[in-house]
Amino acid sequence: MTFQDLQIEQRGAIAVVRLNRAAKRNALSDGLVLAIRDAFQNLPDTARAAVLCGDGDHFCAGLDLSELQERDAGAGLHHSRMWHAALEEVQFGPVPVVAALHGAVVGGGLELAAACHVRVADESTFYALPEGSRGIFVGGGGSVRIPRLIGAARMADMMLTGRVYDAQQGERAGFAQYLVPQGQSLAKALELAGRIAQNAPLTNYALMHALPRIAEQPADQGYLTEALMAAIAQSAPEAKERVRAFLEGRAGKVGKN
């Protein structure tokens with residue numbers, strides 16, 4: 001697949017999806033949002049994990065405000081729902097996605113990062129939600145996904161006051177699970193994606209699709225969903241072989257990294 005503002009590269013079992021609007025700080029135009037949707041809908045069948053990154057000095061500086069136009073309520077609703085459909089393909093697509101973050105992770109860029117499953121930030125990363133000062137509101141799923149990372153109070157503070165989190169503060173708050181030296185987020189994301197790609201596909205699928213839904217269910221429903229997913233996962237031939245390998249001493253044991 002080829003897109004004007006998006007590059008896709010296959011590295012073994014890993015699909016590297018790169019935002020390619022460096023001159024615009026990888027700002028999200030409608031065309032780029034739709035390209036993200038199409039890319040994750042059509043990842044190569046050989047991909048077992050994906051890495052999402054940005055070209056240039058920034059991951060993504062948010063909505064391309066040069067495209068911002070006056071819309072009536074109906075048009076605004078449909079525009080937001082277009083973003084929702086695109087980022088759903090990232091979160092609930094075929095493979096886990098690791099985001100390699102650097103520079104600006106702002107507005108819609110933070111909404112995009114929040115749709116990924118693992119986030120690696122380098123020391124140049126900073127996070128902001130400037131929508132409050134611009135008289136608009138998040139529309140790409142941020143009001144749902146971002147509070148699950150950092151809490152509603154922190155998100156409200158960012159939008160009310162314009163607070164910016166640097167890389168260290170962002171890791172402590174929960175924006176990213178990993179923090180690495182500047183320039184190393186892509187290498188770390190590829191390393192993690194390589195590990196993820198070695199997992200049983202059905203287990204990865206359960207972690208992507210079942211776990212977030214279980215977290216939203218009442219406990220009794222969550223327990224049942226968990227039991228069903230566990231039964232399905234362990235019944236797969238690959239899972240049986242992996243357990244057999246462990247019991248026969250052919251698989252490594254868990255130890256300190």
Side-chain angles (χ1 to χ4, degrees), residues 5-29 32 35-36 39-40 49-65 87 90-91 95-131 133 140 142 145-146 148-151 154-155 157-159 161-197 256-257:
D5 295 325
L6 195 72
Q7 292 180 337
I8 303 173
E9 175 190 355
Q10 186 82 17
R11 299 193 188 184
I14 303 168
V16 180
V17 180
R18 186 186 305 271
L19 308 181
N20 194 31
R21 299 187 82 205
K24 286 275 195 175
R25 302 206 305 172
N26 294 318
L28 293 166
S29 64
L32 181 51
I36 291 168
F40 281 94
V51 169
L52 180 63
C53 60
D55 190 37
D57 295 331
H58 301 280
F59 172 72
C60 179
L63 176 68
D64 187 346
L65 292 178
L87 299 196
V90 178
Q91 183 176 5
V95 298
V97 183
V98 183
L101 308 178
H102 71 294
V105 184
V106 172
L110 180 51
E111 293 184 287
L112 175 59
C116 299
H117 304 95
V118 178
R119 285 160 296 280
V120 180
D122 80 6
E123 292 176 344
S124 72
T125 306
F126 60 93
Y127 310 89
L129 290 168
E131 286 84 353
S133 65
R145 293 189 179 97
I146 296 171
R148 291 173 182 165
L149 300 180
I150 64 169
R154 278 200 179 100
M155 181 175 177
D157 173 49
M158 291 175 74
M159 294 186 70
T161 68
R163 180 175 181 175
V164 177
Y165 282 78
D166 65 23
Q168 291 77 18
Q169 293 168 333
E171 184 199 23
R172 291 195 295 269
F175 287 111
Q177 295 101 315
Y178 297 85
L179 179 60
V180 297
Q182 185 168 345
Q184 295 185 23
S185 60
L186 179 56
K188 182 65 174 179
L190 288 167
E191 174 196 331
L192 294 170
R195 295 184 200 174
I196 291 168
K256 292 182 180 180
N257 291 330

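In this structure, the separation between CE on Met155 and CZ on Arg148 is 12.0 Å, given to the nearest 0.5 Å. Atoms CG and CG, from Leu63 and Leu32 in turn, are 11.0 Å apart once rounded to the nearest 0.5 Å. Once rounded to the nearest 0.5 Å, the distance linking CZ of Arg119 with OG of Ser185 reads 13.5 Å. Here the CZ atom belonging to Arg25 is positioned 13.5 Å from the CG atom belonging to Leu19, to the nearest 0.5 angstrom. Of the inter-residue distances, the one linking Gln177 atom CD with Lys188 atom NZ reads 11.5 Å to the nearest 0.5 angstrom.
Residue pairs meeting the salt bridge (charged side-chain N to carboxylate O under 4.0 Å, His left out) criterion with at least one member in residues 8-17, sequence neighbours excluded, are Glu9-Arg11. Within the structure, no pair that satisfies the salt bridge (charged side-chain N to carboxylate O under 4.0 Å, His left out) test touches residues 167-179, not counting sequence neighbours.
Across all their heavy atoms, Leu190 and Ile14 have their closest contact at O-CD1, 3.6 Å. The two residues Ala173 and Ile150 have their closest heavy-atom pair at O-CG2, 3.5 Å. Of all heavy-atom pairs between Leu87 and Ala115, the closest is O-CB, 3.9 Å. Pairing each heavy atom of Glu131 with each of Gly107, the nearest pair is OE2-CA, 3.2 Å. Between Val98 and Ala189, the shortest heavy-atom contact is CG1-CB, 3.6 Å. Across all their heavy atoms, Val105 and Ala113 have their closest contact at CG1-CB, 4.1 Å.
Remark: Asp166 CG is packed, more than 12 non-hydrogen atoms of other residues, nucleotides or ligands lying under 6.0 Å away.
Using a 4.0 Å cut-off between charged side-chain N and carboxylate O, Asp5 and Lys24 make no salt bridge.
Val16 has its side chain within reach of Cys53: a pair of non-hydrogen atoms, C-beta onward, lies under 4.5 Å apart. Side-chain contact between Leu186 and Arg18: present, with at least one pair of heavy atoms (C-beta onward) separated by less than 4.5 Å.
For the side chain to side chain contact (heavy atoms under 4.5 Å, CB included) test with Arg21, the passing option among Asp55, Leu6, Asp64, Leu28 is Asp64; the others fail. For the side chain to side chain contact (heavy atoms under 4.5 Å, CB included) criterion with Phe59, the lone passing option out of Asp122, Asn26, Leu110, Leu52 is Leu52. The side chain to side chain contact (heavy atoms under 4.5 Å, CB included) test with Tyr127 is passed by exactly one of Leu101, Ile146, Val106: Leu101.
Taking the six-membered ring where the residue is Trp, Tyr165 and Phe175 present perpendicular rings, their angle passing 60° and hence far from 30°.
His102 places a side-chain N or O within 3.5 Å of a backbone atom of His58 that can act as its donor or acceptor partner.
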